[in-house]
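In what follows, a single structure is set out as structure tokens and then discussed.
Worth knowing before you read on, the calculation uses all heavy atoms, side chains too, and leaves out hydrogens, waters and symmetry mates.
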Amino acid sequence: MAGVAALRALRKRISPSFTSQIIAFTSNSRSISTLVLAEHEGGAIKPQSVSAVKAAKSLSNDNPISLLLAGSGSALHEAAANAASCDPSVSEVLVADSDEFSHPLAEPWAKLIHLVQRKGGYSHVITASGSFGKNILPRAAALLDVSPITDVIEISDPHLFVRPIYAGNALCTVRYTGAGPCLLTVRSTSFPVPSILADSKSNEAPITQVDLSTFGEDSVGKSRYVKHTSQDTERPDLGNARVVVTGGRALKSAENFKMIEKLAEKLGAAVGATRAAVDAGYVLNDLQVGQTGKIVAPELYMAFGVSGAIQHLAGMRDSKVIVAVNKDAEAPIFQVADYGLVGDIFEVIPELLEKLPETK
């Protein structure tokens, strides 16, 4: 009898609203499912897309993750096979095979996300915060009539996210309250990918073809693919390199910027550039590091002739070790650098080239 009385008393203490909150929380946790828009090249999924998968795992322990790949030809199916074993948490790989996805134009890709999300009923859609994701996801959000959350660096719960603002000088916590799916772009540097076991065939996810019969031919829109320009080099990719060597406007010309490229080759590093160097035509804009360029977080970041403008610091301040060389002792770059040298880069770089051994 005493036990029954205690149970009745406990029931009285728990308010109906509190009970409904518990039920709602449980329901939301169970309904989490994620679609990850992946980028691939040369038959392999890009590392930043694997980082997006890791971010998706942070949403919930019980979270089925579907990986969406689009394109055409044998490279697409090779990438799908690799994606199926890229992470054990991937439950399914969706493949959209069509010539309309041969190039990453925003219109057809956004409509594809809209189609797949409507069929799958995903609660979240995630992609890496690079030029690929930034180009496609906002348009997909417009089609789904939701507001995207960009540049997420931390996931606190399925609807609570942290993102940088004011060029990384402050962090903002955002709660998503929309009724539709939550669309996110995540910084791959904030969700590093652990080393993957070579033998992961036992974790292969099933591969499913996306039904494009209702896709329509009006999805191409008004944009058209013109050409793709890239540098033929064996240097590491800027977004994923362990070492990055960056040059600024102080190099004065494209010819002088080649010193940065030679130093990068000696160190087995990727080449970066400030926005000022890119605007001056020293290098192509795909090497730009900063708020409007690429976000990097290498183990070693070397900055030569970089003043340290706030827009540039936003793209590299998470680097493990920062080394700066600048003739101006008051340059802002020294405020974030672990090691600094006040000197003339036209003397320092040639001396480094002379004394550093060749990488094998």
Atom pairs and distances, donor-acceptor, side-chain atoms in residues 49-59, under 3.5 Å, two or more places apart:
{"residue": "S49", "atom": "OG", "partner": "E39", "partner atom": "N", "Å": "2.8"}
{"residue": "S51", "atom": "OG", "partner": "P47", "partner atom": "O", "Å": "3.4"}
{"residue": "S51", "atom": "OG", "partner": "F191", "partner atom": "O", "Å": "3.1"}
{"residue": "K54", "atom": "NZ", "partner": "P192", "partner atom": "O", "Å": "2.8"}
{"residue": "S58", "atom": "OG", "partner": "K54", "partner atom": "O", "Å": "3.4"}

Following the transitive rule for hydrophobic clusters with a side-chain heavy-atom cut-off under 4.5 Å over Ile, Leu, Val, Met, Phe, Trp and Tyr, establish whether [X] and [Y] coincide in one cluster.
{"X": "I149", "Y": "L143", "result": "no"}
{"X": "L251", "Y": "V271", "result": "yes"}
{"X": "V186", "Y": "V162", "result": "no"}
{"X": "L94", "Y": "I32", "result": "yes"}
{"X": "F346", "Y": "V283", "result": "yes"}

Sequence neighbours left out, what passes side chain to side chain contact (heavy atoms under 4.5 Å, CB included) with [X]? Give chain and number order.
{"X": "A250", "value": "I345"}
{"X": "I165", "value": "R163, A170, C172"}
{"X": "A128", "value": "Q48"}
{"X": "Y339", "value": "V321, V323"}

side-chain contact (heavy atoms from CB on, under 4.5 Å) evaluation trace for L112 with L37:
CA-CA 10 Å; L112 174 65; L37 177 62; 5.8 Å; no

Using 0.5 Å steps for rounding, measure from the [atom1] atom of [X] to the [atom2] atom of [Y].
{"X": "H40", "Y": "H77", "atom1": "NE2", "atom2": "NE2", "result": "10.0 Å"}
{"X": "T214", "Y": "L212", "atom1": "OG1", "atom2": "CG", "result": "8.0 Å"}
{"X": "S223", "Y": "L105", "atom1": "OG", "atom2": "CG", "result": "6.0 Å"}

Summary of side chain to side chain donor-acceptor pair (under 3.5 Å) pairs that have at least one residue in [range], sequence neighbours excluded:
{"range": "residues 168-190", "result": "none"}
{"range": "residues 294-311", "result": "R242-E299, T246-Y301, Y301-H312"}
{"range": "residues 119-142", "result": "S66-Y122, S129-D151"}

Would you please name every residue forming a side-chain hydrogen bond (donor to acceptor under 3.5 Å, both in side chains) with R118, sequence neighbours left out?
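Scan of R118 (side-chain hydrogen bond (donor to acceptor under 3.5 Å, both in side chains), adjacent residues dropped) gives none.
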
Counterpart residues, side-chain hydrogen bond (donor to acceptor under 3.5 Å, both in side chains), relative to S147 (two or more places apart)
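If we apply the side-chain hydrogen bond (donor to acceptor under 3.5 Å, both in side chains) test to S147, skipping adjacent residues, there are no hits.
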
If we ignore hydrogens and angles and just use 3.5 Å, is the side chain of [X] paired with the main-chain N or O of [Y] as donor and acceptor?
{"X": "S253", "Y": "N256", "result": "yes"}
{"X": "K46", "Y": "E41", "result": "no"}
{"X": "W109", "Y": "H103", "result": "yes"}

With side chain to side chain contact (heavy atoms under 4.5 Å, CB included) as the test, pick out the partner of T34 among I126, L184, L67.
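That would be I126; it is the only one of I126, L184, L67 passing the side chain to side chain contact (heavy atoms under 4.5 Å, CB included) with T34.
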
Go through the steps for L171 and I153 under the test side-chain contact (heavy atoms from CB on, under 4.5 Å), then give the verdict.
CA-CA 9 Å; L171 298 179; I153 62 171; 3.6 Å; yes

Please collect all salt bridge (charged side-chain N to carboxylate O under 4.0 Å, His left out) contacts where either partner lies in residues 326-354, sequence neighbours excluded, each pair once.
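Listed once each, the pairs are E351-K355.
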
Before giving the answer on side-chain contact (heavy atoms from CB on, under 4.5 Å), spell out for L144 and Q117 the whole-Å C-alpha distance, their side-chain angles and the decisive distance to 0.1 Å.
CA-CA 9 Å; L144 293 166; Q117 196 283 327; 3.5 Å; yes

Any ring-ring contact (aromatic ring centres under 6.0 Å, His included) involving residues 247-272? Give me the pairs, sequence neighbours left out, ordered by first then second residue.
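Every candidate ring-ring contact (aromatic ring centres under 6.0 Å, His included) pair involving residues 247-272 fails, so no pair, neighbours aside, qualifies.
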
For L68 and V210: C-alpha separation, side-chain torsions, deciding distance, then whether side-chain contact (heavy atoms from CB on, under 4.5 Å) applies.
CA-CA 9 Å; L68 175 60; V210 177; 4.2 Å; yes

